[in-house]
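Here is the structure we will look at.
Computed from a predicted model, the values in this text were never measured in an experiment. The sequence lines fix the lettering, A, B, ..., with proteins before strands; numbering per chain opens at 1.
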Amino acid sequence: MSTLQPVRGTHDLMFDDIRRHRLVQSKFAAIAARYGYSEIATPIFEATEVFARTLGDTTDIVTKEMYTFDTKGGESVTLRPEGTAGVARAFISEGLSQQVPLKFFYSGPMFRHERPQKGRQRQFHQIGAELLGVPTPQGDVEVIALADHILKELGIAGKITLEMNSLGDLESRLAYRQVLIDYLAGYKDKLSADSRERLDKNPLRVLDSKDPADKEIVQSAPQFPDYLNQASQDFFKGVQDGLSALSIHFKLSPALVRGIDYYSHTAFEFTTDALGAQGTVLAGGRYDGLIKQMGGPQTAGIGWAAGVERLAMLLGDLPPQSRPVAVIPVGEAEDAVAQKLVHRLRYNGFAVDIGYSGNMGKRMKRANKVNAVVALIIGEDEMKNGSVTVRQLDSGEQSTVALAEVEARLDLYR
RNA sequence: GCGGGUGUAGCUCAGUUGGUUAGAGCACCUGGUUGUGGUCCAGGGGGCCGUGGGUUCGAGUCCCAUCACUCGCCCCA
């Protein structure tokens, strides 16, 4: 065991792990394209204020989870803890307000300084989608449909439930917030220590406390849906009707709230019970106030992000990898011809493996190990005839083929 | 930041109430096979027993600390 380890909460991605990540990313890119979303790659670090101002001063992400550094020039920069703020910043920086509606998708690493556990790392990866400039429920419906689609495409939708809630517009949210604070204040002594703190920082969070005593108190608390004003109710109904029309099933969760301040109206989470404590696989919501809050023009927005590690853990077996062709020179005399053949086949579209050393037995062993479908054997006899021996590695059948006709013979494996 | 569990070979793990040269399977290397892989047989290389300290005649084993991993809390994707 080596003492050189990756930094806590970071991991090397290789072999099947990275194939799972790539599978998630490539399927997502393909589906997102069908919905008209184009890719955006914002910087992995931003000026600290991009996150600090937008996520809210009291959220855990800002108060204790950001990787923040001072540059040599004395600026404070932060490794991005999530994707939306960067996209919103780009929207403002690039002056995109004249081009709405805009649809972006992204994928890449995010960084949060949390205690690692199952499905949670300090460097992790997200895929996400953002729809800017669509203030109506159609936007919510499309964005959720995209999320639902990618989960289905990955074959994991059966393990996942969509939960939804409305946080209402600002007016509704402030009204409910006050009613909730008043109610909870009456139970202050009975609330858990965590929840007493939440009461000050983010009272809505008390609603989904896991503490049993808290749960009891919350049970008879005023319900968020009762405090939505007419406009907010209509909006939420529009989203629900739109999803129902597409046969996208969802569950209403009045306790579902958001840790990040810029959300309004629709909040949703796709969750699973297959991942232990980290059940949220994909989550998002509407953030109509964000861009204005960052100094841009009033612009509606809705989006989501999903944890690639979490999605990858739910994936079933990977599709089989394509099998290479192995070229095997019997001795040194055949090496040059073999190398030329390898090069030629690669240019003609075949995946080709050749061992770097060893006798024929070793090279056959290697061909087997890389799961080659056929071995092309070149020895003294083949050199004389200008041919190669083609051995099917599964059946052991072999035949002789003219060197010039190898591609035609192998066409099946290209 | 707080709690629980686990650290022995590249990997998965065994290792008796503390007792001599620390084991297995898989993987790897060599040979059986100098033009034929997978299966089989024989052999081989690999260990600061996470790290530091302590108890003891003697520690992989007991105690303390520390680090790492892991599960959970908080929070979140």
Check: Distance between the C1' atoms of B/U8 and B/C49, in whole angstroms?
Finding: 4 Å
Table of protein N/O atoms under 3.5 Å from nucleotides 1-4 of chain B N/O atoms:
unit_1, atom_1, unit_2, atom_2, d
B/C2, N4, A/R115, NH1, 2.6

Rounded to whole Å, the CZ-P distance (A/F111 to B/A77) equals 16 Å
Quiz prompt | Gap in Å between the two C1' atoms, one belonging to B/C13 and one to B/G47, rounded | solution = 15 Å
Which part of the nucleic acid does A/Q121 contact within heavy-atom distance under 4.0 Å: base, sugar-phosphate only, or nothing? base
Need one value for A/G119: base, sugar-phosphate or nothing, where a base atom within 4.0 Å counts as base even if backbone is also close, heavy atoms only.
base
Q. Under a 4.0 Å N-O cut-off, is there an ion pair linking A/R20 with A/D17?
A. no
In RNA chain B, stems of three or more consecutive pairs, Watson-Crick or G-U, each with both distances under 3.5 Å, turn out to be B:1-7 with B:67-73, B:10-13 with B:23-26, B:28-32 with B:40-44, B:50-54 with B:62-66
Exercise for the section: In whole angstrom, give me the gap between the C1' atoms of B/A9 and B/G23. Expected result: 10 Å
C1' spacing across the pair B/C57 / B/U12, given as an integer number of angstrom:
37 Å
Interatomic distance at C1', B/G52 relative to B/A59, whole Å | 15 Å
Sort me out a list of protein N/O and nucleotides 35-39 of chain B N/O pairs below 3.5 Å, or just none if empty.
unit_1, atom_1, unit_2, atom_2, d
B/G35, O6, A/E380, N, 3.2
B/G35, O6, A/D381, N, 2.9
B/G35, O6, A/D381, OD2, 3.3
B/G35, O6, A/E382, OE1, 3.3
B/G35, N1, A/E382, OE1, 2.8
B/G35, N1, A/E382, OE2, 3.2
B/G35, N2, A/E382, OE2, 2.7
B/U36, O2, A/R391, NE, 3.1
B/U36, O2, A/R391, NH1, 3.1
B/U36, N3, A/Q398, OE1, 3.1
B/U36, N3, A/Q398, NE2, 3.3
B/U36, O4, A/Q398, NE2, 2.9
B/G37, N7, A/R391, NH2, 3.2
B/G37, O6, A/R391, NE, 3.3
B/G37, O6, A/R391, NH2, 2.8
B/G37, N1, A/L393, O, 2.4
B/G37, N2, A/N368, OD1, 2.9
B/G37, N2, A/L393, O, 2.7
B/G37, N3, A/N368, OD1, 3.2
B/G38, O4', A/N368, ND2, 2.8
B/G38, N2, A/L393, O, 3.3
B/G38, N2, A/D394, O, 3.1

Between A/E309 and A/R120 (salt bridge meaning N to carboxylate O under 4.0 Å), is one present in this structure? no
Sequence neighbours excluded, the answer for salt bridge (charged side-chain N to carboxylate O under 4.0 Å, His left out) partners of A/D411 is A/R414
Check your understanding: Say you pick atom P in B/C40 and the same atom in B/A27; how far apart are they, in whole Å?
Key -> 9 Å
When rounded to whole Å, the OH to P distance for the pair A/Y106 and B/A77 reads 9 Å
Looking at A/D169 and A/R173, does any basic side-chain N land under 4.0 Å from a carboxylate oxygen?
no
- Does a nitrogen or oxygen in the side chain of A/Q117 sit under 4.0 Å from OP1 or OP2 of B/G72? yes
When rounded to the nearest 0.5 Å, the distance separating CZ of A/R391 from OG of A/S399 is 11.0 Å
Determine the Euclidean distance between corresponding P atoms of B/G46 and B/U30; express it in Å to zero decimal places.
16 Å
In whole angstroms, the gap separating P of B/A77 from CD of A/E130 amounts to 12 Å
The reported gap from CG in A/L199 to OH in A/Y187 (rounded to nearest 0.5 angstrom) is 13.5 Å
A/D214 CG to B/C73 C1', in whole Å, measures 13 Å
Atom NZ of A/K118 and atom C1' of B/C76 are separated, to the nearest Å, by 16 Å
Lys/Arg N to Asp/Glu carboxylate O, A/E46 vs A/R89, below 4.0 Å: yes
- [ ] Remember a base hit wins even if backbone is also touched, and classify A/N359 as base, sugar-phosphate or nothing at under 4.0 Å, heavy atoms.
- [x] nothing
Q. Are the charged groups of A/K190 and A/E216 less than 4.0 angstrom apart, N to O?
A. no
Review point. Is it true that A/Y227 and A/Y176 have ring centroids separated by less than 6.0 Å?
Key: yes
Separation of B/A77 atom P from A/I127 atom CD1, nearest Å, is 14 Å
Considering only NZ, NE, NH1 and NH2 on the basic side and carboxylate oxygens on the acidic side, decide whether A/R323 and A/D394 come within less than 4.0 Å.
yes
d(A/I217 CD1, A/S209 OG) to nearest 0.5 Å is 9.0 Å
Under a 4.0 Å heavy-atom cutoff, the residues of residues 26-47 of chain A touching RNA chain B are none
The correct set of residues in residues 305-318 of chain A placing a heavy atom under 4.0 Å from RNA chain B is A/A305, A/G307, A/R310
* Asked: Hey, are the side chains of A/I144 and A/L146 touching, using non-hydrogen atoms and a 4.5 Å cut-off?
  -> no
Atom CG of A/L256 and atom C1' of B/C75 are separated, to the nearest Å, by 14 Å
Please state the C1' separation for the pair B/C62 and B/U55 - nearest whole angstrom. 8 Å
note: A/R112, atom CZ; B/C75, atom C1'; distance rounded to Å ~ 9 Å
